[in-house]
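When reading the values below, keep in mind they use all heavy atoms of this one structure, side chains included, and skip hydrogens, waters and symmetry mates. Within every chain, numbering begins at 1; the chains are lettered A, B, ... in the order of the sequence lines, protein sequences first and strands thereafter.
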Amino acid sequence: MKILCVAEKPSIAREVSRILSGGRFTTRNSRNKFIKNYDFTYNFTSLGICDVTMTSVVGHITNMDFPPAYQWGRCVPGRLFDVEVIEKVTKQDVFDNISNEARTASRLMIWTDCDREGEFIGFEIYKAAFKGNSAIQVGDIWRSQFSHLERSHIIDAASHPRSLDMNSVNAVACRMEIDFRVGTSFTRLLTDCLKQNRIIEKGGLASYGTCQFPTLGFVVDRYKRVKSFIPEKFWYIAVDIRKQNQKSSFAWTKGRFFDRMFVTQLYQDCLQTEEGTITNVESKRTTNWRPLPLTTVELQKDCARFFRMSAKAALDAAERLYNKGFLSYPRTETDSFPATMDFAGVIAKQTGDGRWGAYANSLMANGHEMPRNGSHDDKAHPAIHPVNYVAIDSLTSADEKKVYEYVVRRFLACCSKDAVGHQTTATLQWGNETFTASGLIVTEKNYLEIYTYKKWETTKQLPPLEEGEKVRISSGQMKEGETSPPNHMTETELIALMDANGIGTDATIAEHIEKIMQRDYIVKHKQGGKEYIVPTPLGMGLIEGFDQMEFDNISLSKPFLRKLLENSLQKIVDGERTKADVLEEVKQIYRQAYGVSSQKMTLLASVCRQIIAQNS
DNA sequence: GCAAGGTC
């Protein structure tokens, strides 16, 4: 009896084969240069010893399309909400490999990632297998459940398969159809109209996407807030005391007020007394927590912040390091490690390095900590960590060097003790007002010694103060300040906003930013050594134009619709709603918005024209 | 020529 096993990517097929076969497998090439077919035998608990062929796909192998009659220019874009969609095989060689291998198989076992997309890819694999062997039915599919490649976990997964979760499959099918219909209809409408109005060039493209526009919306929103910012004056009271020839500044616990008279009144009351009283001195141990295990989004945010690397460049470098076997899988939302992971083994591989080897050695000698567990789990991959050592000087790409070093230091930091400090806070009463000052001494750096990207340092110390002590106010002043404008959007902030609002995924956030840059909706702008993202006049015109149309309580440039879709998809997964039901509801919202948009295209064009003229 | 999601 032959079992056909199919994974989502070649690296998983290789690893699972290695584990299940105990290293005794033979390898055949497929027509796709990335994909190998591995043959071995395995003793499945329920079936006994079976012949196994393990292979993989490379992500999705099919996609949606419209029939020829509905290609660009052949119908009005509004029809795309309702015409039939067809399935098209996008990777014929991969598809055929599965059909062929399925011919001699009596069972199909799906080893795709255990997330929603993985479930759908599993269904695509089933269809390819069924084409080669119609004796394989949906009910015969084994779906193995695993979230990392630790040996016992994989063997357990091999003996406890479940069935394919059609709710998840339907949720993904729903997402695909919405994104496809909405994206294509609006893109054709926008492009055709902006071309007619000569706002974009003949060969140009003005795309709309359910992720592209909310992303652009974030950038435009920030830009407008910076431009329309009006500074406001505020007032506050600041106090210095002097003791042992040392000045200490105390901050007002009330902060600041925009009412000058009010602060003046309080300040006048204070001036009645020349002395203040120390009402409280508190000295306590504080800790500064080691970082959480690394996710893709965190990696991208930190690379942008620490190395000024774009999200795309960071992910590309991490991917190359993964393909060379140095890093674990770099696309993950999980901020924890499996409890069974061999942390000491991972640390031991780093002990020979010239920069961090000594630290790794000290962790080995003194015992490492168990990493903290974050609350996110994509149920498919563990947090990003080094799997093999490479001397960074032997890497040729500057980005790879930085990313590898960062991932290693982050991992060692995860296995280290938290930093410890001592914080002293003194409270001062002056008249009716209270003020505080504090000083920090870092007593044990611990993880900070290896995680050099972060600063937590000893500050200026307070002089010895006692509760009840009278102190002379060496300077008590009412000061004036001014609110400052928000900064322009950084890539780090944009990634964080997208992540928080469910726009895109760990694997696609970087791509959406790149795409709207390609479309000339946003540009990166250097200012004072920092890089900011600002909208182009076209990008502003599009958002402004859509915002001026009157939709019924919805916005095409904000993240709410995407979030609504995401919530509804989860309900499909949970079995609370059907795909047909959600599809109709969401389609109806966009269909209506499309109707309004197509009527108001002249408004959009004139808004665009106006903003472009203002900025040229 | 159009989307977003996988992966290489």
Side-chain angles (χ1 to χ4, degrees), chain A residues 6-14 30 32-36 56-66 70-75 77 79-81 85 90-91 93-94 112-125 168-169 171-195 200-215 296 315-316 318-324 329-332 378 380-381 498 502-516 518-519 556 561-562 565-566 569 590:
Chain A
V6 188
E8 185 162 324
K9 42 188 163 275
S11 62
I12 302 274
R14 189 190 59 224
S30 79
N32 182 292
K33 64 174 171 175
F34 298 108
I35 295 173
K36 304 262 187 281
S56 79
V57 287
V58 268
H60 289 282
I61 52 177
T62 60
N63 201 352
M64 276 177 177
D65 201 3
F66 293 118
Y70 305 106
Q71 296 304 312
W72 200 317
R74 301 220 188 140
C75 72
R79 292 205 59 195
L80 301 181
F81 284 100
V85 285
T90 49
K91 294 193 187 92
D93 52 351
V94 182
T112 49
D113 295 353
C114 288
D115 51 23
R116 231 161 52 192
E117 296 292 329
E119 214 66 18
F120 188 89
I121 293 169
F123 191 59
E124 293 178 67
I125 291 167
S168 295
V169 172
V172 172
C174 185
R175 174 198 63 71
M176 288 173 73
E177 197 174 325
I178 297 286
D179 286 338
F180 184 56
R181 290 186 189 280
V182 173
T184 49
S185 57
F186 274 95
T187 297
R188 289 182 193 181
L189 175 72
L190 264 183
T191 302
D192 292 346
C193 161
L194 294 186
K195 252 183 216 174
I200 58 172
E201 288 173 22
K202 241 186 159 180
L205 183 66
S207 62
Y208 179 93
T210 54
C211 288
Q212 290 178 30
F213 262 57
T215 305
T296 308
L315 188 55
D316 284 352
E319 204 147 276
R320 289 195 300 271
L321 290 164
Y322 157 73
N323 285 323
K324 291 185 226 172
Y329 192 65
R331 285 184 282 257
T332 176
D378 63 15
H381 305 282
M498 293 172 74
I503 301 300
T505 68
D506 49 9
T508 62
I509 281 178
E511 286 174 31
H512 294 311
I513 300 174
E514 285 274 315
K515 177 138 289 169
I516 59 175
Q518 268 172 32
R519 296 284 187 260
L556 293 181
L561 273 179
R562 184 78 205 182
L565 175 63
E566 195 55 43
L569 295 181
Y590 278 108

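Atom-to-atom, NZ of Lys515(A) to P of dG1(B) comes out at 14 Å; the value is rounded to the nearest Å. For Arg74(A) and dC2(B), the CZ to P distance is 17 Å, given to the nearest whole Å. Distance, Arg331(A) CZ to dG5(B) P: 13 Å, rounded to whole Å. When the C1' atom of dG1(B) is taken as reference, atom CG of Leu194(A) falls 15 Å away, rounded to whole Å. When the C1' atom of dA4(B) is taken as reference, atom NE2 of His512(A) falls 6 Å away, rounded to whole Å. Going from atom NZ of Lys33(A) over to atom P of dT7(B) covers 18 Å, rounded to whole Å. Rounded to whole Å, atom P of dC8(B) lies 9 Å from atom CD of Glu8(A).
Phe120(A) comes within 4.0 angstrom of no nucleic acid atom, judged by non-hydrogen atoms across all strands. Residue-level contact check: Lys195(A) touches the bases, meaning some heavy atom is under 4.0 Å from a base atom. Among the heavy atoms of the strands, none lies under 4.0 Å from Thr112(A). If you check every strand for non-hydrogen atoms under 4.0 Å, Arg519(A) touches sugar and phosphate atoms only. In this structure, Gly504(A) reaches the sugar-phosphate backbone alone: every heavy-atom distance under 4.0 Å involves primed, P, OP1 or OP2 atoms, never a base. Pro10(A) comes within 4.0 angstrom of the backbone, heavy atoms only, and of no base. Here Tyr70(A) lies out of heavy-atom contact (under 4.0 Å) with every strand. Among the heavy atoms of the strands lying under 4.0 Å from Thr187(A) are primed sugar atoms or P, OP1, OP2 only; no base atom is included. When heavy atoms are screened at a 4.0 angstrom cut-off, Glu319(A) is found touching the sugar-phosphate backbone but no base atom. Gln71(A) comes within contact range of at least one nucleobase, with a heavy-atom separation under 4.0 Å. Within the 4.0 angstrom heavy-atom criterion, only backbone atoms of the sugar-phosphate kind lie near Asp113(A); the bases stay farther away.
Considering Thr296(A), Asp378(A), Asp113(A) as possible partners of Thr332(A), the one that fulfils the side chain to side chain donor-acceptor pair (under 3.5 Å) test is Asp378(A).
Each of dG1(B), dT7(B), dG5(B) was ranked by its minimum atom distance to the side chain of Thr505(A); first place goes to dG5(B). Closest to the side chain of Glu117(A), from the set dG5(B), dA3(B), dC2(B), is dG5(B). For Lys9(A), whose side chain is taken as the heavy atoms from C-beta onward, the closest listed nucleotide among dC2(B), dC8(B), dG1(B) is dC8(B).
Closest of all the heavy-atom pairs between Ala13(A) and Ser56(A) is CB-CB, 3.9 Å.
One finds no salt bridge joining Lys324(A) and Glu319(A) here, because no Lys/Arg side-chain nitrogen approaches an Asp/Glu carboxylate oxygen to under 4.0 Å.
Look at Trp72(A) and the base of dG1(B); the rings stack, centres closer than 5.5 Å and planes less than 30° apart.
Residue Ser207(A) has a polar side-chain atom (N or O) positioned under 4.0 Å from OP1 or OP2 of dA3(B). Listed pair His60(A) / dA4(B) fails the phosphate criterion, with no side-chain N or O lying under 4.0 Å from OP1 or OP2. For Arg562(A) and dA3(B), the shortest distance from a side-chain N or O to OP1 or OP2 is not below 4.0 Å. For the OP1/OP2 pair of dG5(B) and a distance below 4.0 Å, the side-chain nitrogens and oxygens of Arg175(A) include no atom meeting the criterion. For the OP1/OP2 pair of dA4(B) and a distance below 4.0 Å, the side-chain nitrogens and oxygens of Thr508(A) include no atom meeting the criterion.
Residues passing the ring pair (Phe, Tyr, Trp, His ring centres under 6.0 Å) test with His512(A), sequence neighbours excluded: none. Remark: Lys195(A) engages no residue in a side-chain hydrogen bond (donor to acceptor under 3.5 Å, both in side chains) (not counting sequence neighbours).
You'll find the ring centres of Tyr208(A) and Phe213(A) inside the 6.0 Å limit.
Cation-pi check for Lys9(A) over Phe34(A) is not met; the charged atom does not lie both under 6.0 angstrom from the ring centroid and within 45 degrees of its normal.
Residues Asp65(A) and Gly59(A) both approach DNA chain B. Their nearest nucleotides, taken by heavy-atom distance, put Asp65(A) toward the 5′ side.
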